[in-house]
A.B. asks: 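Handing you this structure, nothing more for now.
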Amino acid sequence: MDVVNESEDTRLQDFIRDVVRADLASGKVKGVVTRFPPEPNGYLHIGHAKSIVLNFGIAEEFGGRCHLRFDDTNPAKEEQEYINSIKEDVRWLGYEWGADLYHTSDYFETLFEWAVHLINHGKAYVDDSPAEEIRKMRGTLTQPGKNSPCRDRSVQENLDLFTAMRAGEFAEGSRVLRAKIDMASGNINLRDPVIYRILHASHPRTGDKWHIYPTYDFAHGQSDAIEHVTHSLCTLEFADHRPLYEWFIDNLPVPARPRQYEFSRLNISHTVLSKRRLIQLVNEGHVSGWDDPRMPTISGLRRRGYPPAAIRDFVRRVGITKSDNVIEMALLEHCARENLNRNAPRRMAVLNPLKVVIENYPEGPGEELEAVNNPQDESAGTRMVPFSREIYIERGDFMEEPPRKFFRLGPGREVRLRYAYFITCVGVIKDESGEVTELRCTYDPATRGGDAPDGRKVRGTIHWVSAAHAITGQVRLYEHLFTDVEPGAGGDMLDDLNPDSLKLLENARLEPSLSKSKSGAPVQFERQGYFTRDPDSSAEKPVFNRTVALRDSWAKIQKKN
RNA sequence: UGGGGCGUAGCCAAGCGGUAAGGCAGCGGGUUUUGAUCCCGUCAUGCGCAGGUUCGAAUCCUGCCGCCCCAGCCA
């Protein structure tokens with residue numbers, strides 16, 4: 001394979017990479033530096049993955065580096081727990097920041113000096129107005145704001161007040177420092193934005209050292225400058241902040257001039273990706289936690305069994321643009337299947353067991369039959385699977401009155417047991433209520449391994465597991481968390497919760513080799529889907545989560561009729 | 001009624017004045033010891049709408065229309 005051509009073919013194209021290439025080509029920047037700047041106040045979700053893959057990906061592609069920077073300017077809502085989970089998730093996604101781990105709080109002292117610099121140049125002032133008053137004076141979207149009565153304080157008075165603010169001499173919320181820009185600007189962010197507020201909260205990293213904390217706007221661009229970030233990539237809602245970002249860069253003695261570029265955030269059908277709504281799902285108990293396999297969080301996807309490579313592939317396929325979008329969940333699922341098809345070893349598992357007795361098969365321990373581990377990967381080899389007179393098959397693989405095109409088992413019908421024998425159904429046993437409790441079958445010893453020497457064909461091949469050898473486990477089948485493409489579009493997202501998003505199967509019968517499977521490792525249950533062992537598993541009872549079902553054209557045919 | 005952003009197929013998305021890439025979904029067919037995978041075919045006389053410039057326009061100009069974001073001492 002021609003490696004050079006391959007990398008050409010897969011070269012990613014988007015407006016941000018265009019800018020990076022141009023800046024590198026013109027010599028505007030000598031190397032590219034990006035950053036992923038999460039606020040440690042929640043768990044990462046797949047929307048963050050888009051940003052992570054973009055930022056770390058660009059650094060990788062252009063031989064630069066990507067910083068991991070915790071944007072920890074608000075001690076009121078940030079916690080160490082989140083810092084830990086974020087690091088774990090970024091690593092799991094396949095990225096490493098090396099020595100480039102930073103915190104905005106590392107720059108608090110510099111930021112303070114720069115605020116003083118602004119005051120000294122008459123470009124910032126302390127405002128004593130209550131929050132409510134400041135809000136009123138800000139004006140509206142269509143009407144200009146009004147100048148605060150504090151706007152023309154002397155430099156000295158501002159300095160004294162700001163110093164006292166730092167010393168913790170004022171009550172929380174009693175005063176703020178504002179940049180003096182333009183109360184009549186059409187851009188509300190320029191109407192004398194608050195850049196420091198009083199917060200008597202203990203910070204996870206700086207403890208009780210500070211009583212004032214910079215706002216996002218006053219911290220972000222300057223942090224980028226301090227770190228010599230060249231391309232500061234963020235989502236569209238920050239586009240309005242860019243003039244402010246640049247105003248600080250223009251008015252402060254910063255060591256570099258980073259540039260901000262905005263792209264649209266990721267949206268996915270049948271789920272929600274806003275921090276607020278994710279928190280609500282967790283806090284109100286609609287899911288078991290941040291890592292519930294139905295959650296679009298990185299930890300949820302991990303527990304669900306999504307390979308990190310599939311997530312990277314997904315966000316790359318989605319692309320980077322400035323248009324609003326809602327990506328169909330089907331694309332994410334496709335990426336998972338494509339990866340798992342290549343990598344997941346195959347096993348047999350009967351989710352809804354129905355006992356089958358093979359009347360002409362000898363009693364006793366049975367035999368072992370060879371099964372292929374992965375038809376897509378010869379190097380995965382084969383394994384031996386025990387077979388005996390009593391087995392379990394899937395209830396859904398038998399119908400007493402099969403409709404047209406049903407290729408599986410029915411009275412008098414013959415099917416192939418995968419890697420085993422052809423069997424024919426010769427009897428159906430039911431209980432008083434009429435429910436089928438057992439099937440009686442005969443097998444053809446000549447079809448051992450699954451091939452008929454006489455060339456006889458069967459339409460169906462079904463999976464099975466030896467009753468005496470099977471281990472019993474719990475299987476969790478997941479569906480979309482929401483029934484609606486856009487949850488909450490019609491009001492409350494809770495109205496759109498899918499009542500069937502989790503189905504528990506307590507009595508699944510698993511091929512014995514499954515007792516050895518490791519949590520997180522993918523496995524395909526033949527004819528059903530991709531699964532992974534859940535950490536809830538116990539020694540006696542393994543638990544498997546369904547990552548994604550196999551495509552099912554039979555279900556599609558049934559739906560049509 | 002202010003400022004910013006965006007409109008190419010059901011969902012994404014290339015395209016940068018020379019006659020609409022690709023992926024997902026869908027549909028049709030072939031192979032198959034997974035109704036899986038894989039393979040083949042099909043899917044925009046059309047690029048929000050209306051004018052204009054040009055030999056030629058999704059690309060340039062003008063005017064409309066629609067959608068998203070902004071009035072936290074959140075990020």
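Since the structure is predicted, the reported quantities are computational estimates derived from the model, not experimental observations. Throughout, a chain's letter reflects where its sequence line sits, starting with A, and its residues are numbered from 1.
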A.B. asks: Do A/I119 and A/Y125 have side chains that get closer than 4.5 Å, going by heavy atoms?
C.D. replies: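 Of all side-chain heavy-atom pairs linking A/Y125 with A/I119, none is under 4.5 Å.
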A.B. asks: Look at the side chain of A/Q524 against the base of B/U34 and say whether a donor-acceptor pair falls under 3.5 Å; ignore hydrogens and angles.
C.D. replies: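 Check passes, donor-acceptor contact within cut-off.
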A.B. asks: Pick the P atom in B/A36 and in B/G46, then give their distance to the nearest Å.
C.D. replies: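 It comes out at 36 Å once rounded to the nearest Å.
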A.B. asks: Using the side-chain heavy atoms of A/N341, tell me which of these nucleotides is nearest: B/G10, B/U37, B/A13.
C.D. replies: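 Selected nucleotide: B/U37.
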A.B. asks: Compare the minimum distances between each of B/G15, B/G35, B/G26 and the side chain of A/Q13, then state the nucleotide with the smallest one.
C.D. replies: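 Of all the options, the side chain of A/Q13 is nearest to B/G15.
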A.B. asks: If I pick the C1' atom on B/G30 and the same atom on B/C67, what distance separates them, to the nearest angstrom?
C.D. replies: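 Straight-line distance between the two C1' atoms is 44 Å.
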A.B. asks: Does B/G72 fall in syn (glycosidic angle within 90° of 0) or anti?
C.D. replies: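 Here B/G72 takes the syn form, which means its glycosidic angle is within 90° of 0.
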A.B. asks: To the side chain of A/R317, which of B/G23, B/A25, B/C12 is closest?
C.D. replies: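 Nearest to the side chain of A/R317 among the choices is B/G23.
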A.B. asks: Of A/Q528 and A/L331, whose closest RNA chain B nucleotide lies nearer the 5' terminus?
C.D. replies: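 Taking each residue's closest nucleotide, the earlier one in sequence belongs to A/L331.
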A.B. asks: Provide, to the nearest angstrom, the distance between the CZ atom belonging to A/R342 and the P atom belonging to B/A36.
C.D. replies: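 Whole-Å distance recorded here is 19 Å.
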A.B. asks: Expressed in angstrom and rounded to an integer, what is the separation of A/R265 atom CZ from B/C12 atom P?
C.D. replies: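 Checked: the CZ to P distance equals 16 Å.
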A.B. asks: Can a side chain N or O of A/H334 be found less than 4.0 Å away from OP1 or OP2 on B/C24?
C.D. replies: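 So the side-chain polar atoms of A/H334 do come within 4.0 Å of the phosphate oxygens OP1 or OP2 of B/C24, strictly under.
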A.B. asks: A/E338 CD to B/C24 P: how many Å, rounded?
C.D. replies: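 My rounded result for the distance is 7 Å.
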A.B. asks: Can you say whether a donor on the side chain of A/E328 sits under 3.5 Å from an acceptor on the base of B/G10, or the other way round?
C.D. replies: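 Indeed there is one.
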A.B. asks: Nearest to the side chain of A/S323, heavy atoms from C-beta on, is which of B/U34, B/G7, B/C11?
C.D. replies: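 That would be B/G7.
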A.B. asks: Starting at CZ of A/R459 and ending at P of B/A36, how long is that distance when rounded to a whole Å?
C.D. replies: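 Distance check: A/R459 CZ to B/A36 P gives 12 Å.
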A.B. asks: Per the atom types in the model, does the base of B/G35 pair as donor or acceptor with the side chain of A/R408 at under 3.5 Å?
C.D. replies: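 Answer is yes: a donor-acceptor pair is held.
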A.B. asks: Whether A/K322 contacts B/G4 is assessed here as follows: a side-chain N or O lying under 4.0 Å from the phosphate OP1 or OP2. Is that the case?
C.D. replies: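 For A/K322, the contact criterion (side-chain N or O under 4.0 Å from OP1 or OP2 of B/G4) is not met.
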A.B. asks: Side-chain contact test, heavy atoms from C-beta onward, threshold under 4.5 Å: evaluate it for A/F482 versus A/V272 and give yes or no.
C.D. replies: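 Touching, per the 4.5 Å side-chain cut-off.
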A.B. asks: Not counting sequence neighbours, which residues clear side chain to side chain donor-acceptor pair (under 3.5 Å) with A/D128? List them please.
C.D. replies: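 Counting only residues at least two positions away or on another chain, A/D128 forms a side chain to side chain donor-acceptor pair (under 3.5 Å) with A/R153, A/R175.
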A.B. asks: Should A/V356 and A/W464 count as side-chain neighbours, where that means a heavy-atom distance under 4.5 Å?
C.D. replies: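 No, too far: nothing below the 4.5 Å cut-off.
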A.B. asks: Round to the nearest Å and state the distance from A/E333 atom CD to B/G26 atom P.
C.D. replies: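 After rounding, the reported distance stands at 11 Å.
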A.B. asks: Can you see if the side chain of A/T142 gets near the phosphate of B/G3 - specifically, an N or O under 4.0 Å from OP1 or OP2?
C.D. replies: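 No, outside the criterion.
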A.B. asks: Answer yes or no: side-chain N or O of A/R337 and base N or O of B/U37 forming a donor-acceptor pair under 3.5 Å.
C.D. replies: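 No such pair is found, so the answer is no.
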A.B. asks: Taking atom C1' of B/U37 as reference, at what distance in whole Å does atom CZ of A/R418 sit?
C.D. replies: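 One finds 11 Å between C1' of B/U37 and CZ of A/R418, rounded.
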A.B. asks: I'd like to compare against my own output: the B/S/- annotation of nucleotides 65-75 of chain B with a strict under-4.0 Å heavy-atom distance to protein.
C.D. replies: ---SBBBSBSB
A.B. asks: Measure NE2/A/H270 against P/B/C11 and give the value in whole Å, please.
C.D. replies: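 So the two atoms are 13 Å apart, to the nearest Å.
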